[in-house]
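Below is one structure, written out as structure tokens; the observations come after it.
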Amino acid sequence: MNRYRTHTCGELSFKNEGEQVRLSGWIHRKRNHGNLLFVDLRDHYGITQCVLDCDNDNFDLLSNTSLESVVTIEGKVVVRAGKTVNEKLSTGQIELQVLKAEVLSTAAQLPFSILSDNSDLSEEARLTYRFLDLRREKLHQNILLRNNVISFLRKKMWSLGFNEFQTPILTASSPEGARDFLVPSRVHPGKFFALPQAPQQFKQLLMVSGFDKYFQIAPCFRDEDSRADRTPGEFYQLDVEMSYVEQEDVLNTVEPVILSLFEEFKEEGKTVCASPCPRITYRDAMKIYGTDKPDLRNPLLIEDVTEIFKTAGFSIYEENTKNQMWVRGIKVPGLAEKSRSFFEKLGEFVKKEGFSPLTYLTFLENGEIKGSLSKSLKEDAVSALISKMEIKENDGLVFVSGKGEKAEKIMGALRMLLGKEMNLIDESRYEFCWIVDFPMFELNEETGKVEFSHNPFSMPQGEMEALETKDPLDIYAYQYDMVCNGYEICSGAIRNHRDDIMFKAFEIAGYGHDVVEKKFGGMLHAFKFGAPPHGGCAYGIDRLVMILANESYIREVIVFPFNQQAQDLMMDAPAEVTEAQLKELHIKVDIKEKDKK
RNA sequence: GGGGGUGUAGCUCAGUUUGGUUAGAGCGACGGCCUGUCACGCCGUAGGUCGAGGGUUCGAGCCCCUUCACUCCCGCCA
């Protein structure tokens, strides 16, 4: 007999009646009736009720042992009678009559209860005592879900003929992109490694090496500030790369993997959108949804009504249209019921971002038209709006005028705000789409310079000819994102495998031959020796699990996450190191007084 | 780098509006009673640098200033 257990705490049923068994676990909860004691024993697998009365030699021991202490209990499996069955417990048909108990490890007073749900606890306490937080049901299940997701993805990728490789963690710093985490070299004074922001160049080199199909559950390191859906420091990607493929080949390979993942792990009662999921161009997404990661559960659409407002009689917008600004509107069913203060709130929201004024029309059931524009629009303009927007009773229209991406994003935020306020978002669906045709370059409005808008390794559509003949801002890249319920879950591209096109693209972004050679020499050099056309993508594993777990915060699916300030409160990292360590690394710290903490 | 929110017992929070006796509750801890509970019940006890520092005041948890921590957002995230 194993010293600690013959069964787990989730295992026993009426089938084990009469057996003498041994369980080990944490004391989850006790109910002490004075002369009768119930102990709920918990392990990873479940909870089993153990019972003993005051005649039992172990009564005092178990009565006095604190919650969350680890004990071994030996006892006899007894089937519970009638009313005493607990339907809520998988082992609720039986209980263990205690014969012998041993305390393996006593728990000190807990900083928080393992029993309560985690919604009402400070992040600081949860992260400092993460090992206790992880004992709690919800977080424990989230982390298991993560394990299952990763297992599913690995099996799926292997079955599709992809090979998994590990790429270096200590590598070279790269220009562009996020800030790097640097690691000093002891052997090479004054030189630094960087932790990879993604295994981008390595996976491309694996294609050049002839492995054809690669994937990796890859750690990625980016020194950027956190968000609810973005952990600072490090995260994991399902990193994928394939040779001899065009854009559609990549999309058609990975899309079924992800849709089947969601079919497998979706929450009960939820539906996954059908394959193939929609492909939306970046330009359309910005125009219709006001974002490059549209939440398609929201039925509201942004419509262009610039033409109508050119002659509608509302002078502010008329002026705007003469200055290349658009007027866009959102039709919202049921909006006519909303109070004036609701629209004022919307107006404030837009105004805060520097766009003003927000205007609106509501169409009451009695045919009356109200709203801030009801008096100022010409009659034929109103009819034009009614017919273009297919207005029905109780509908409302809100309008904003502006230009450029920033204004488009305001429309997008307004669309989501209205969707939420009007309860239009169908929480029971997972809606996916691909965003395609991202611009290769964009204009930095501060510097006036042309920059890469996304991945500099992407192949421009039209290849060399486009780079040589077109306005850089009109060139699209073979670059695509996959979006689920408003979260960007994947980003990828067909790569530029030609060194001549690469030099040209970097030249347009202001990088000279020498800089490109120095920074991407490894990969460029490889392209000189026969590089297959290739492309791929990378899914954010943490984010996928977060969506599947129906969590709003990415920390809820990471075992040992950083806090918002990128610190590990449990391990107390980052921390100062000894002078000797610094000396060996040829490093002198130079901290300004105001930056000291 | 910027903006918002929060900080009171081990945990979750009330008290801050309008400054005024000894800062409260629930859970947890500890002690007592209780033989069928499963969020067991009942009685009692202990537990506080009101995040920290300074100021105003006869008097500050509450008002003012500074600062720290946590969190959400913007910037940033090829």
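Just so it is clear, the values below take in all heavy atoms, side chains as well, and ignore hydrogens, waters and symmetry mates. Chain letters run A, B, ... following the sequence lines, proteins first and then strands; every chain starts at 1. Quick caveat, the model's predicted, so the values are computed rather than measured.
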Query raised in the report: For A:Pro111, which contact category applies under a 4.0 Å heavy-atom criterion: base, sugar-phosphate, or nothing?
Result: sugar-phosphate
Donor-acceptor pairs under 3.5 Å, side chain of residues 511-522 of chain A to any protein atom, not counting sequence neighbours: which ones?
| unit_1 | atom_1 | unit_2 | atom_2 | d |
| --- | --- | --- | --- | --- |
| A:Tyr511 | OH | A:Glu176 | OE2 | 2.6 |

Query raised in the report: Is B:U57 paired to anything, Watson-Crick or G-U wobble with both distances less than 3.5 Å, and if yes, which nucleotide?
Result: none
Requested in this report: Check the distance between B:U71's P and A:Gln567's CD and give it to me in whole angstrom.
Outcome: 8 Å
Query raised in the report: Separation of A:Lys406 atom NZ from B:C74 atom P, in whole Å?
Result: 13 Å
Report summary line: Taken in chain and number order and not counting sequence neighbours, the residues that satisfy side-chain contact (heavy atoms from CB on, under 4.5 Å) with A:Thr65 are A:Ile27, A:Leu61, A:Ser69, A:Val71, A:Val103
Donor-acceptor pairs are to be reported for all side-chain atoms of residues 85-101 of chain A against protein atoms at under 3.5 Å, with residues two or more places apart or in another chain.
| unit_1 | atom_1 | unit_2 | atom_2 | d |
| --- | --- | --- | --- | --- |
| A:Asn86 | OD1 | A:Lys88 | N | 2.9 |
| A:Thr91 | OG1 | A:Ile47 | O | 2.5 |
| A:Glu95 | OE1 | A:Gln49 | NE2 | 2.9 |

Requested in this report: Quick one: list whatever passes side chain to side chain donor-acceptor pair (under 3.5 Å) with A:Asn58, sequence neighbours left out.
Outcome: A:Asn56
Requested in this report: Could you check how far CZ of A:Arg230 sits from P of B:C74, rounded to whole Å?
Outcome: 9 Å
Query raised in the report: Between B:U17 and B:U12, how far is it from one C1' atom to the other, in whole Å?
Result: 23 Å
Requested in this report: Could you tell me whether A:Glu451 contacts a base, only the sugar-phosphate backbone, or nothing, with contacts defined as non-hydrogen atoms closer than 4.0 Å?
Outcome: nothing
Query raised in the report: Quantified in whole Å, what is the P atom distance between nucleotide B:G26 and nucleotide B:C64?
Result: 32 Å
Report task. Could you check whether A:Phe438 gets within reach of a base, just the sugar-phosphate, or nothing at all, counting any heavy atom under 4.0 Å? Result -> nothing
**Report entry** Partners passing side-chain contact (heavy atoms from CB on, under 4.5 Å) against A:Pro574 (at least two apart in sequence or in another chain)
**Finding:** A:Gln567
**Report entry** Whole-Å gap separating P (B:G28) and NZ (A:Lys30)
**Finding:** 12 Å
Query - Whole-Å C1' distance, B:U16 and B:U6 - result: 14 Å
Requested in this report: Could you say whether A:Ala178 or A:Phe562 is positioned toward the 5' end of RNA chain B, judged by the nucleotide with the nearest heavy atom to each?
Outcome: A:Phe562
Requested in this report: Considering only NZ, NE, NH1 and NH2 on the basic side and carboxylate oxygens on the acidic side, decide whether A:Glu19 and A:Lys76 come within less than 4.0 Å.
Outcome: no
Query raised in the report: Residues two or more places apart in sequence or in another chain: which of them pass side chain to side chain donor-acceptor pair (under 3.5 Å) with A:Asp180?
Result: A:Ser173, A:Gln197
Requested in this report: List the atom of A:Cys484, the atom of A:Ile489, and the distance in Å for their closest heavy-atom pair.
Outcome: CB-CD1, 3.9 Å
Query raised in the report: Who passes side-chain contact (heavy atoms from CB on, under 4.5 Å) against A:Arg555, sequence neighbours left out?
Result: A:Glu123, A:Leu127, A:Pro561
Query - Residues which pass salt bridge (Lys or Arg N to Asp or Glu O under 4.0 Å) with A:Asp500, listed by chain and number, not counting sequence neighbours - result: A:Arg498
Report task. Tell me the partner of B:G26, counting only Watson-Crick (N1-N3 plus N6-O4 or O6-N4) or G-U wobble (N1-O2 and O6-N3) with both under 3.5 Å; none if nothing fits. Result -> B:C11
Query - Contact residues, residues 59-72 of chain A to RNA chain B [heavy atom, < 4.0 Å] - result: none
Report task. Between B:U57 and B:C65, how far apart are the C1' atoms? Round to whole Å, please. Result -> 16 Å
Query - Who pairs with B:C70 - Watson-Crick or G-U, where each distance is under 3.5 Å - result: B:G5
Report task. Could you measure between the two C1' atoms, the one in B:G7 and the one in B:C13, and give it in whole Å? Result -> 12 Å
Query raised in the report: Could you give the CG-to-P distance, from A:Asp229 to B:C73, as a whole number of Å?
Result: 7 Å
Query raised in the report: How is A:Arg227 classified with respect to the nucleic acid when contacts are heavy atoms under 4.0 Å: base, sugar-phosphate, or nothing?
Result: base
Report task. Heavy atoms under 4.0 Å is the rule here; annotate nucleotides 32-37 of chain B 5' to 3' with B where the base is hit, S where only the sugar-phosphate is, and - elsewhere. Result -> --BBBB
Query raised in the report: Using atom C1' of each nucleotide, how far apart are B:U21 and B:U66 to the nearest Å?
Result: 32 Å
Query - Strand contacts (RNA chain B) in residues 478-497 of chain A, 4.0 angstrom heavy-atom criterion - result: none
**Report entry** Any strand: nucleotide that pairs with B:U35 via Watson-Crick or wobble, under 3.5 Å
**Finding:** none
Query - d(CZ, A:Arg126; P, B:U6) in whole Å - result: 21 Å
Query raised in the report: Roughly, in whole Å, what's the span from CD in A:Glu224 to P in B:C73?
Result: 15 Å
Query raised in the report: C1' atom, B:G4 versus B:A14: distance in rounded Å?
Result: 24 Å
**Report entry** Sugar-phosphate, base or nothing in reach of A:Ile47, heavy atoms under 4.0 Å
**Finding:** nothing
Query raised in the report: Heavy atoms under 4.0 Å, any strand shown: does A:Asp223 hit a base, just sugar-phosphate, or nothing?
Result: nothing
Please set out all donor-acceptor pairs under 3.5 angstrom arising from side-chain atoms of residues 226-236 of chain A, sequence neighbours excluded.
| unit_1 | atom_1 | unit_2 | atom_2 | d |
| --- | --- | --- | --- | --- |
| A:Arg230 | NE | A:Asp225 | O | 3.2 |
| A:Arg230 | NH2 | A:Asp225 | O | 2.4 |

Requested in this report: In whole angstrom, give the distance that lies between atom CG of A:Leu121 and atom P of B:G7.
Outcome: 16 Å
Query - Nearest-Å distance once atom P is located in both B:C30 and B:G15 - result: 31 Å
Query raised in the report: Does OP1 or OP2 of B:C11 have a side-chain N or O of A:Gln109 closer than 4.0 Å?
Result: no
Report task. Assign A:Glu124 to base, sugar-phosphate, or nothing according to its heavy-atom contacts below 4.0 angstrom with the strands shown. Result -> sugar-phosphate
